[in-house]
Amino acid sequence: MSSKTLMNMLLLLILTLLVGLSNGECEFKAIFNFGDSNSDTGGFFAAFPAEAPPFGMTYFKKPVGRASDGRLVIDFLAQAIGIPFLSPYLQSIGSNFKHGANYATLASTVLLPNTSLFVSGISPFFLAIQFNQMKQFVTKVEETDQQGTKLPSADIFGKSLYTFYIGQNDFTSKLADIGTGGVEEFLPQVVSQIAGTIKELYNLGGRTFMVLNLAPIGCYPSFLVELPHNSTDLDEFGCMVSYNNAVVNYNKMLKESLKQTRESLSDASVIYVDTYTVLLELFQHPSSHGLEYGTKACCGYGGGEYNFNPKVYCGNTKEIDGKKVTAKACHDPYNYVSWDGIHTTEAANKLITYAILNGSYSDPPFAFQQHCDLQPIG
């Protein structure tokens, strides 16, 4: 899809959202999200408090458990359908679950990790654990008199949107060691686990499921610095072709699996969302979408074309070559696709959300404005 086509579709939807519609009605009364750092709204840091500036600098003006300078796609989706930001399931103070819950945690995987957080940095809250938390949530809601509580009514589960933005850590955590060939051997298990979880959620009453595919990691500054490649593997936009091709293969597998799942759940909507294409467009043509920098991180150290150094991540201070250095944020994250080399900026997340709400990047097409009076997400 061309830059012009994407821009025209986004402009049309933006106009709808800026105006907003009158009664604010939406078929979806809640969102239940399963994911990793791309959609974690504070779960990981509720379990392991360690967040620090400059994360959250753009919208929240302080760190709020999100791996970005501001809002995530899941935040914008919540705003668009007229519900509050999702509370992390693991957050014991200040949470309100009347409009859903967020089970995502930073560094989560789909598959059971064969290592620990303190060895590899992989979260213990993999997808099966997140689903078990959801099951417990359903049980507690059904057992509790909701009057005066911050829990939803027991009939909420059939009126909710179930979102999945997970799998990137399964793909990337061992990529430098075993290469794309090694990773591709267990990706069918990843796809199968996501499909199986959808069926389990269906049995709990869920009927609308939205799965975001994997991003073009070959364009991410962190992977451009850390993954082995040579100049012939870079396309004209500076992205690694072989790694992006491997992601495309995974996404095809995921799309086919969701098609089969859709056919087996005839009264459910199982939606595949092609965020890969949207993000690839942003990385390749940032200026066509009001941005300036594609494959360069806003928050990092080292400058140059990537501004990423794996020895000192965004917000950290380390000693490198006998000198104390700090990975600082740029002053204009709204001009960047990449926030910290690994995650996207609020500006990019907003553009991704517009594309999702439009529905044309979904299979089957799923235009949100046919289900909700969409609210402004400015």
Side-chain angles (χ1 to χ4, degrees), residues 26-36 38-39 73-74 77-78 80-81 83 86 89 99-104 108-112 126-139 141-142 152-167 170 187-214 249-276 355-372:
C26 184
E27 291 177 18
F28 307 118
K29 308 304 180 185
I31 298 176
F32 293 96
N33 181 66
F34 305 84
D36 52 30
N38 291 312
S39 59
V73 170
I74 194 68
L77 284 177
I81 70 170
I83 65 172
L86 296 186
Y89 180 78
H99 296 282
N102 192 355
Y103 303 97
S108 284
T109 54
V110 172
L111 302 180
L112 170 68
F126 64 106
L127 183 56
I129 296 292
Q130 294 182 24
F131 171 69
N132 284 338
Q133 292 171 336
M134 177 71 197
K135 279 202 301 185
Q136 183 188 52
F137 184 87
V138 173
T139 299
V141 167
E142 291 175 344
S153 60
D155 65 350
I156 197 78
F157 303 109
K159 305 173 183 177
S160 300
L161 175 65
Y162 296 80
T163 53
F164 292 77
Y165 200 178
I166 191 168
D170 297 87
L187 292 181
Q189 299 172 50
V190 173
V191 167
S192 176
Q193 188 69 38
I194 292 173
T197 304
I198 289 173
K199 292 175 182 176
E200 295 270 19
L201 288 167
Y202 176 89
N203 292 334
L204 293 179
R207 289 298 180 269
T208 306
F209 309 94
M210 181 165 282
V211 183
L212 281 61
N213 67 4
L214 290 194
N249 290 337
Y250 166 82
N251 286 339
K252 286 178 180 176
M253 194 187 315
L254 176 65
K255 185 176 183 180
E256 178 58 30
S257 176
L258 294 179
K259 177 176 178 288
Q260 294 172 11
T261 305
R262 188 182 311 122
E263 290 169 352
S264 69
L265 305 175
S266 58
D267 62 335
S269 294
V270 180
I271 304 144
Y272 167 87
V273 184
D274 185 14
T275 49
Y276 174 96
I356 293 172
L357 293 172
N358 176 275
S360 57
Y361 288 87
S362 299
D363 180 42
F366 189 86
F368 270 81
Q369 56 263 49
Q370 295 177 10
H371 303 269
C372 300

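Atoms considered below: every heavy atom in the structure, side chains included; atoms not considered: hydrogens, waters and symmetry mates. All residue numbers refer to positions in the sequence shown, counting from 1. Nothing here was measured: the structure is a model prediction, and the numbers come from that model.
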*So among Asp36, Leu187, Val190, which one has a side chain to side chain contact (heavy atoms under 4.5 Å, CB included) with Val110?*
Val190
Solution key, residues 153-160 side-chain donor-acceptor pairs under 3.5 Å, sequence neighbours excluded:
from	atom 1	to	atom 2	distance (Å)
Ser153	OG	Asp155	OD1	2.5
Asp155	OD2	Lys159	NZ	3.0
Ser160	OG	Ile156	O	2.7

*Report the residues that fulfil ring-ring contact (aromatic ring centres under 6.0 Å, His included) with Phe164, sequence neighbours left out, ordered by chain and then residue number.*
Phe34
*Residue that, paired with Leu254, satisfies side chain to side chain contact (heavy atoms under 4.5 Å, CB included) out of Val211, Leu212, Asn249*: Val211
_Donor-acceptor under 3.5 Å (Thr163 side chain, Met210 main chain)_ = no
*Give a yes or no answer on whether the side chain of Asn102 reaches the backbone of Ser39 with a donor-acceptor pair at less than 3.5 Å.*
yes
*Quick one: closest heavy-atom pair of Gln130 and Ser108, and the distance?*
NE2-OG, 3.3 Å
*Sequence-distant partners of Thr208, side chain to side chain contact (heavy atoms under 4.5 Å, CB included), two or more places apart*: Phe28, Leu161, Ser269, Ile271, Phe366
*Please list all pairs passing the salt bridge (charged side-chain N to carboxylate O under 4.0 Å, His left out) test where one or both residues lie in residues 250-261, with sequence neighbours left out.*
Lys259-Glu263
*With sequence neighbours left out, write down each residue that passes side chain to side chain donor-acceptor pair (under 3.5 Å) with Asn251, or none if nothing qualifies.*
none
*For Leu357 and Gln369, work out which heavy atoms get closest and say how close.*
O-OE1, 3.2 Å
Would you be so kind as to tabulate the donor-acceptor pairs closer than 3.5 Å made by side chains of residues 194-202, with sequence neighbours excluded?
from	atom 1	to	atom 2	distance (Å)
Thr197	OG1	Gln193	O	2.8
Tyr202	OH	Asp267	OD1	2.5
Tyr202	OH	Asp267	OD2	3.3

*Evaluation steps, side chain to side chain contact (heavy atoms under 4.5 Å, CB included), between Val138 and Lys135*: CA-CA 5 Å; Val138 173; Lys135 279 202 301 185; 5.8 Å; no
